[in-house]
Amino acid sequence: IAMRFSAATVSLWAIIGCGASAPTKPSVLFYLVDDLGHYNVHFGGSVDPHNPDMKTPVIEGLVSEGLILQRHYVYRYCSPTRTSLLSGRLPIHANEMNYLNFQPGGGLAVEFATLADKFSALGYYCAAVGKWHLGLSTEAHLPVNRGFNVSLGYLGGGEDHFTQEEGSCPGVGPTVDLWDTETFSPQNGTYGAYLYTAAASDAINHAADVGIPFFVYFAAQNVHAPYQAPERFLRLYDDCEWCTKSGKTVFAMVSAMDESLGNVTTTIRDRGLWDNTLVIFSADNGGDPAKNNYPFRGGKYSDFEGGVRAAAFLAGGVLPPSLHGTAYGGIIHVCDWYSTVLTLAGASAELIRADRGPGIPPLDSIDVWPAIVSNATSPRVVVPLSSAHGPPGWGAMSETGPCIVPGQLTGANARCSQGAIIVGDWKLYYGPYTNDSLSCFYCWWTPAQYPSKSHPTNTDLPFSCGPEGCLYDLATDPYERTDLAAARPDKLAELTKAFNEAQATVWWSTGGAENRSTELCPSAATHGNHVAPYGDPGTCPNPNGCM
């Protein structure tokens, strides 16, 4: 695989210097799992075992020599978590929407320098595999133009696991979403986890062959819908008497993901790179209603802990042995890995702060490594989980657009939320409010065995936060069962102030929800009936050059 660096990236080497030898820099594997329920893994051990019914031996083994992250926060759904990780910004400062493929405002604005941009400038070999969901309207949004040397994956938010088909065009039929670095890929027809595992291993082998560190961003397709798994993984759960048929499929997908992670980490070990590698494992959000976030409340699409507190851990030889088999309870937001891993790689403060274009919010990322390795209080105290409103004029937030009736969380508005913030151990949640309690689809608690024949789905619960919001003490009530807004007016005032301050800084990229759907099929027709960029090629927004 040929090395690929832009001229502007090469020019950044003058900023950082080239004195450090590559072997001294740690390699990084960030393994991001799609829609993984907090309780859909078995961590093993006694510190924080999670679900013993899940067959995830690789994860169990890695955790035994790793570190569980007990308060690792992400956005409540897909794309914003990814923009946060790769930009070093909180989602409220980068992107809070799951825009559709034909909406050019989707993904990560090209003004942001990505984590891969920075790693490339440090001499790393960078690969993106699996789900992109960070913009596809122009070629400038593609992984290869965001700092990655190579990529193999799908550009949108989901697709068939076996065929890689997503959508269709009149007179032509289904379109395939599979992109290989600079062009569409003909490799469709294989289970996605197999494709992306092979691509990640190839990238690691290439980095080892040429003697440079790697950054592999593995955005797994599992466990996102549609729920599909090879038969051999389904058979692993034949003896689960309480499982539903659909539940077994979800569990099988988790086990397929576990094997994928094992194959990638085995490649790292086989190439003698494990001792100088950091593995970061995290879900991109809580599990959707087909998954289990026990014992936390809610799930994907909600700002309850079940939607934003991700199953996460660290592994690899970079982690001090004294931390093996333990857990860290400090607050970490996914954006904090940006500064953390770049600092570990020896990046200067100037490089970490550098961006591709003007007019964007400053870096939010905080280096949390010193706190992790010393088991100290995290420097991350405030986490604005989401904002109250979408782009100007859109009203309250939903997954892909405004709520039809802001302030309600039923029916067509089931995915709407009005914002939330964490300050230390306290959390302010703005949910639905009316004079009467509403049924809240994403406000439930699931049992440990879910989905089961006796509990196949969750039941909507009566729920209402007043206009002042609901207040929770996560130190004593991590499962958010007791609203303390009336009992603690002092804390309510403190968090309300923090929320309003965060609201004043919300940033939206241009393009928004403009409908360019008529351009998708003509673009696909010129790219082998594959999903492909459809807008102008895109240019660097910085007159001084981009990374």
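Residue indices begin at 1 and follow the sequence shown.
- In this view, F112 and W507 satisfy the ring pair (Phe, Tyr, Trp, His ring centres under 6.0 Å) rule, not counting sequence neighbours.
- H161 is linked by a ring pair (Phe, Tyr, Trp, His ring centres under 6.0 Å) to Y191, counting only residues two or more places apart in sequence or in another chain.
- Classification of the F233-Y194 ring pair by plane angle, with boundaries at 30° and 60°, yields tilted.
- Listed by first then second residue, pairs satisfying salt bridge (charged side-chain N to carboxylate O under 4.0 Å, His left out) with a partner in residues 124-134 read D34-K131, not counting sequence neighbours.
- What you find for T340 and I366 is that their closest heavy atoms are OG1-O, 3.3 Å.
- Here the shortest heavy-atom pairing between F148 and A127 reads CD2-C, 3.4 Å.
- D117 places a side-chain N or O within 3.5 Å of a backbone atom of T114 that can act as its donor or acceptor partner.
- Taken to the nearest 0.5 Å, the CG atom of L314 stands 6.5 Å off from the CD1 atom of I280.
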Evaluate the side chain to side chain contact (heavy atoms under 4.5 Å, CB included) criterion for residues F184 and V176: first the C-alpha distance (whole Å), next the side-chain angles of each, then the deciding distance (0.1 Å), finally the verdict. CA-CA 9 Å; F184 63 89; V176 172; over 6 Å; no
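- The line from NE2 of H206 to OH of Y125 is 4.5 Å long, rounded to the nearest 0.5 Å.
- V216 has its side chain within reach of L29: a pair of non-hydrogen atoms, C-beta onward, lies under 4.5 Å apart.
- For the pair Q228 and T249, the minimum side-chain heavy-atom distance is 4.5 Å or more.
- Every residue meeting the side chain to side chain contact (heavy atoms under 4.5 Å, CB included) condition with A199, not counting sequence neighbours, appears here in chain and number order: V129, L152.
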Check against side chain to side chain contact (heavy atoms under 4.5 Å, CB included), Y227 and M253: CA-CA 8 Å; Y227 302 124; M253 294 174 72; 3.8 Å; yes
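- Not a single donor-acceptor pair under 3.5 Å links the side chain of D288 to the backbone N or O of D35.
- Nearest approach of F214 to S27, heavy atoms of both residues: N-OG, 3.0 Å.
- Applying the salt bridge (charged side-chain N to carboxylate O under 4.0 Å, His left out) definition to pairs two or more places apart or across chains, none involves residues 160-177.
- Residues I332 and W337 are in side-chain contact: their nearest non-hydrogen atoms beyond the backbone lie under 4.5 Å apart.
- N292 places no side-chain N or O within 3.5 Å of a backbone atom of G37 that could act as its donor or acceptor partner.
- A donor-acceptor pair under 3.5 Å links the side-chain atoms of T181 to the main chain of S151, judged by distance alone.
- In this model, no donor atom of one side chain and acceptor atom of the other lie less than 3.5 Å apart for Y77 and E96.
- Contact check for L108 versus R82: no side-chain heavy atoms found under the 4.5 Å cut-off.
- A search for side chain to side chain donor-acceptor pair (under 3.5 Å) contacts involving Y31 returns S260, not counting sequence neighbours.
- The backbone N or O of P143 sits nowhere less than 3.5 Å from a side-chain atom of W179 that would complete a donor-acceptor pair.
- Using modelled atom types, one side-chain atom of N293 and one backbone atom of H38 make a donor-acceptor pair closer than 3.5 Å.
- Judged as a salt bridge (charged side-chain N to carboxylate O under 4.0 Å, His left out), the pairs with a partner in residues 331-345 (not counting sequence neighbours) are, in order, D336-R380.
- Within the 4.5 Å cutoff, the side chain of I360 has heavy atoms near those of the R89 side chain.
- Not counting sequence neighbours, Y338 has no partner by the ring pair (Phe, Tyr, Trp, His ring centres under 6.0 Å) test.
- In this structure T496 satisfies the side chain to side chain contact (heavy atoms under 4.5 Å, CB included) test together with L428, Y430, L492, N500, sequence neighbours excluded.
- You'll find the side chain of V41 stays beyond 4.5 Å of the side chain of F313, heavy atoms only.
- Evaluation of the disulfide (SG to SG under 2.5 Å) test over residues 110-181, restricted to residues two or more places apart or in two chains, returns C169-C521.
- Atom CZ of R146 is separated from atom OG of S120 by 12.0 Å, given to the nearest 0.5 angstrom.
- Side-chain N or O atoms of K118 include none that pairs as donor or acceptor with a backbone N or O of A113 at under 3.5 Å.
- Between T505 atom OG1 and I92 atom CD1 the span is 4.0 Å, to the nearest 0.5 Å.
- Shown are T81, N285, D303; of these, the side chain to side chain donor-acceptor pair (under 3.5 Å) with R76 is made only by D303.
- Side chain to side chain, R516 and S137 fail the donor-acceptor criterion of an N or O pair below 3.5 Å.
- A 4.5 Å side-chain heavy-atom check between V531 and L520 finds every atom pair outside the cut-off.
- H530 places a side-chain N or O within 3.5 Å of a backbone atom of S185 that can act as its donor or acceptor partner.
- Not one N or O on the side chain of S523 forms a donor-acceptor pair closer than 3.5 Å with the backbone of E519.
- Closest approach of L90 and S84 over heavy atoms only: CA-OG, 4.1 Å.
- Taken from CZ in F251 to NZ in K291, the straight-line distance is 10.5 Å, to the nearest 0.5 Å.
- Here the straight-line distance linking atom CG of L495 with atom CD of E501 works out to 11.0 Å at 0.5 Å rounding.
- In terms of heavy-atom proximity, V423 sits nearest to A498 at CG2-CB, 4.0 Å.
- Contact check for S339 versus V368: no side-chain heavy atoms found under the 4.5 Å cut-off.
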Set out, in order, the CA-CA distance, both residues' side-chain angles and the distance that settles side chain to side chain contact (heavy atoms under 4.5 Å, CB included) for D202 and V150, then state yes or no. CA-CA 10 Å; D202 286 347; V150 292; over 6 Å; no
Could you walk me through whether Y196 and F218 pass side chain to side chain contact (heavy atoms under 4.5 Å, CB included), step by step? CA-CA 8 Å; Y196 307 134; F218 194 131; 3.8 Å; yes
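- Screening R297, R71, K427 for a side chain to side chain donor-acceptor pair (under 3.5 Å) involving E305 leaves a single residue, K427.
- With S387 contributing its side chain and Q503 its backbone, the two residues share no donor-acceptor pair below 3.5 Å.
- In terms of heavy atoms, V74 sits closest to S282 at CG1-OG, 4.1 Å.
- Residues satisfying the side chain to side chain donor-acceptor pair (under 3.5 Å) criterion with S79, sequence neighbours excluded, are N95.
- Residues that satisfy the ring pair (Phe, Tyr, Trp, His ring centres under 6.0 Å) test with Y217, not counting sequence neighbours, are absent from this structure.
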